[in-house]
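Everything below concerns the one structure shown next.
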Number of protein chains: 2
Amino acid sequence: MTLNVAAVTVDLVLLTIRQGTLQVLLVRRGIEPYLSRWALPGGFVHDDEDLDAAAIRELREETGVDSSAGHLEQLATYGAPGRDPRGRVITVAYLALLPDLPAPVAGSDAAHAEWRPVDEPELAFDHDRILADGVERARAKLEYTPLATAFCAREFTVADLRGVYETVWRTKLDPRNFHRKVTTAEGFVEPTGHSVTRDRGRPAQLFRRGPATLLHPPLLRP
Amino acid sequence: MTLNVAAVTVDLVLLTIRQGTLQVLLVRRGIEPYLSRWALPGGFVHDDEDLDAAAIRELREETGVDSSAGHLEQLATYGAPGRDPRGRVITVAYLALLPDLPAPVAGSDAAHAEWRPVDEPELAFDHDRILADGVERARAKLEYTPLATAFCAREFTVADLRGVYETVWRTKLDPRNFHRKVTTAEGFVEPTGHSVTRDRGRPAQLFRRGPATLLHPPLLRP
DNA sequence: GCAAAAGTGTTGTATCTACACCCATGC
DNA sequence: GCATGGGTGTAGATACAACACTTTTGC
């Protein structure tokens with residue numbers, strides 16, 4: 001009756017913003033079960049490895065990205081008996097928020113990986129559910145943390161940051177009020193002193209992420 | 001190198017409020033390792049059992065309490081290689097918020113279980129860390145959800161609910177403003193029509209928890 | 001009556017929303 | 001000049017903290 005052992009995997013919900021939409025890194029399965037279906041990237045935890053370390057390793061293997069560039073946190077753990085037909089598998093899911101990677105994914109594992117919209121349906125296993133949980137976590141965290149900056153490059157404009165909120169929340173925000181909110185919130189962003197002209201119009205100041213870990217008061221969804 | 005299998009346990013952080021302090025249910029270990037140290041209650045996941053189901057079962061075994069009385073949610077998963085000296089153990093921790101149980105814990109497993117203050121130090125394994133994570137989650141969730149009601153009996157006064165906030169947050173709140181906030185927040189509490197006189201003073205109205213799952217706007221920590 | 005707890009009213013302050021308006025650039 | 005996006009000012013609405021004040025009980 002007691003389950004003595006189970007396989008343990010770490011799967012990643014890697015989110016980024018590309019072409020104005022929220023996208024997730026998925027891999028095409030090359031073997032049964034769920035052959036040729038999209039799945040979250042992931043793999044087995046090593047013998048001498050902590051769960052966080054496994055997630056950091058998988059992130060590097062899949063994207064070539066150092067975990068310090070964006071944000072990585074444990075999401076939740078999934079272990080329903082029938083979720084993998086090959087046997088009992090416990091999956092610890094991690095959520096990462098990443099900037100649009102300038103370098104193409106170069107690693108060997110990433111050859112078959114692709115950025116897809118987060119509403120991609122019919123993923124392998126229970127990955128639909130895991131992805132939905134990850135997206136909802138990201139949406140909620142933008143409200144009361146400065147994590148939206150994890151989607152931006154090292155230096156970004158207020159409009160870039162507003163684009164993150166608008167994309168993740170699927171809403172439009174008032175540019176004027178958003179600007180004030182972000183620049184006056186203690187520790188959210190810091191001016192770099194530089195500025196850029198993106199398309200046309202007045203040049204925008206560049207910012208980098210500030211030291212705050214919580215937004216006080218929060219930036220609530222409309 | 002690859003870890004093929006690990007033991008999987010579900011451990012519970014059961015929080016309640018007794019005698020005006022936040023307390024956690026702990027058990028004295030009867031075997032090595034960590035013999036006679038306090039530990040979080042928990043046990044192995046069964047062969048045909050989902051993780052949530054295992055948590056609900058453990059809750060019933062330890063407290064005799066039905067999970068519908070309070071609140072139960074997954075907290076986080078812990079799997080550092082050396083955390084259990086007997087081998088690789090992955091622990092999925094659950095957090096429960098419970099009312100002060102009127103019936104004594106009757107189950108057989110609960111014989112050695114005891115309510116202890118949440119600052120109890122030197123727990124077995126990495127249970128200090130798990131407990132701290134659970135307490136912090138509870139503190140944060142009181143801000144933006146109506147979960148404080150999970151610590152209360154089915155019917156409660158506004159003062160009871162305020163006591164929950166004051167105990168969990170270790171702060172004093174203004175009774176007048178708190179009363180207004182709680183009774184005007186949409187769906188937080190519903191009047192039952194009854195009232196009680198607790199000690200002396202004017203009788204207080206009784207309420208039950210409302211249908212809301214989020215507090216909008218939140219009740220922020222001072 | 002007095003103490004104690006429940007509950008309401010009010011006032012000043014912070015924050016949000018909506019929008020008028022000015023600024024700096026490309027063409 | 002004119003379009004475009006960046007950024008500031010301001011008025012009304014909403015929420016909050018602080019606290020005076022009234023209500024209803026036990027003794």
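Letters go in sequence order (proteins before strands), and every chain restarts at 1. This is a predicted model, so every value here is computed, not measured. Computed over heavy atoms, backbone and side chain alike; hydrogens, waters and symmetry mates excluded.
Between B/R198 and B/D160 a salt bridge is recorded (basic side-chain N to carboxylate O distance below 4.0 Å). Ion pairing between A/R221 and A/E136 holds under the 4.0 Å rule for side-chain N and carboxylate O. Under 4.0 Å is where a charged nitrogen must lie from a carboxylate oxygen, and between B/E190 and B/R154 no such pair does.
If you check every strand for non-hydrogen atoms under 4.0 Å, A/R180 touches a base. Among the heavy atoms of the strands lying under 4.0 Å from B/P218 are primed sugar atoms or P, OP1, OP2 only; no base atom is included. When heavy atoms are screened at a 4.0 angstrom cut-off, A/P217 is found touching the sugar-phosphate backbone but no base atom.
Rounded to an integer number of Å, the gap from NE2 of B/H194 to C1' of D/dT25 is 19 Å. Rounded to whole Å, atom P of C/dC16 lies 13 Å from atom CG of A/L173. Here D/dC21 presents its C1' atom at 14 Å from CG of B/N177, a figure rounded to the nearest Å. Distance NZ (A/K172) to C1' (C/dA18): 18 Å, rounded to an integer number of Å. The CZ atom of A/R221 sits 17 Å away from the P atom of C/dC16 (whole-angstrom rounding). Separating the CD atom of B/E186 from the C1' atom of D/dA15 is a distance of 16 Å, rounded to the nearest angstrom. For the pair B/D174 CG and D/dC16 C1', the interatomic distance rounds to 11 Å; values are reported in whole Å. In this structure, A/H216 places its NE2 atom 12 Å from C1' of D/dC16, rounding to the nearest Å.
With hydrogens and angles left out, the side-chain atoms of B/T21 and B/Q19 include no donor and acceptor closer than 3.5 Å.
Look at A/H179 and you won't find any side-chain N or O under 4.0 angstrom from OP1 or OP2 of D/dG6. The side chain of A/K181 places no N or O atom within less than 4.0 Å of a non-bridging phosphate oxygen (OP1 or OP2) of C/dT15. Note on B/Q205: a side-chain N or O is less than 4.0 Å away from OP1 or OP2 of C/dG7.
Taking the six-membered ring wherever Trp is involved, the centroid distance between the rings of B/Y144 and A/Y144 falls below 6.0 Å.
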Does the protein touch nucleotides 21-27 of chain C at the base, only the backbone, or not at all? Give it as B, S and - per nucleotide, heavy atoms under 4.0 Å. B-BBB--
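Of the possible polar contacts, one joining the A/T192 side chain to the A/L206 backbone as a donor-acceptor pair under 3.5 Å is found.
In B/R129, the CZ atom is not crowded: 12 or fewer heavy atoms of neighbouring residues, nucleotides or ligands sit closer than 6.0 Å.
Residues B/P222 and A/A159 both approach DNA chain D. Their nearest nucleotides, taken by heavy-atom distance, put A/A159 toward the 5′ side.
Side chain A/R162 to base D/dG6: no donor-acceptor pair is found below 3.5 Å.
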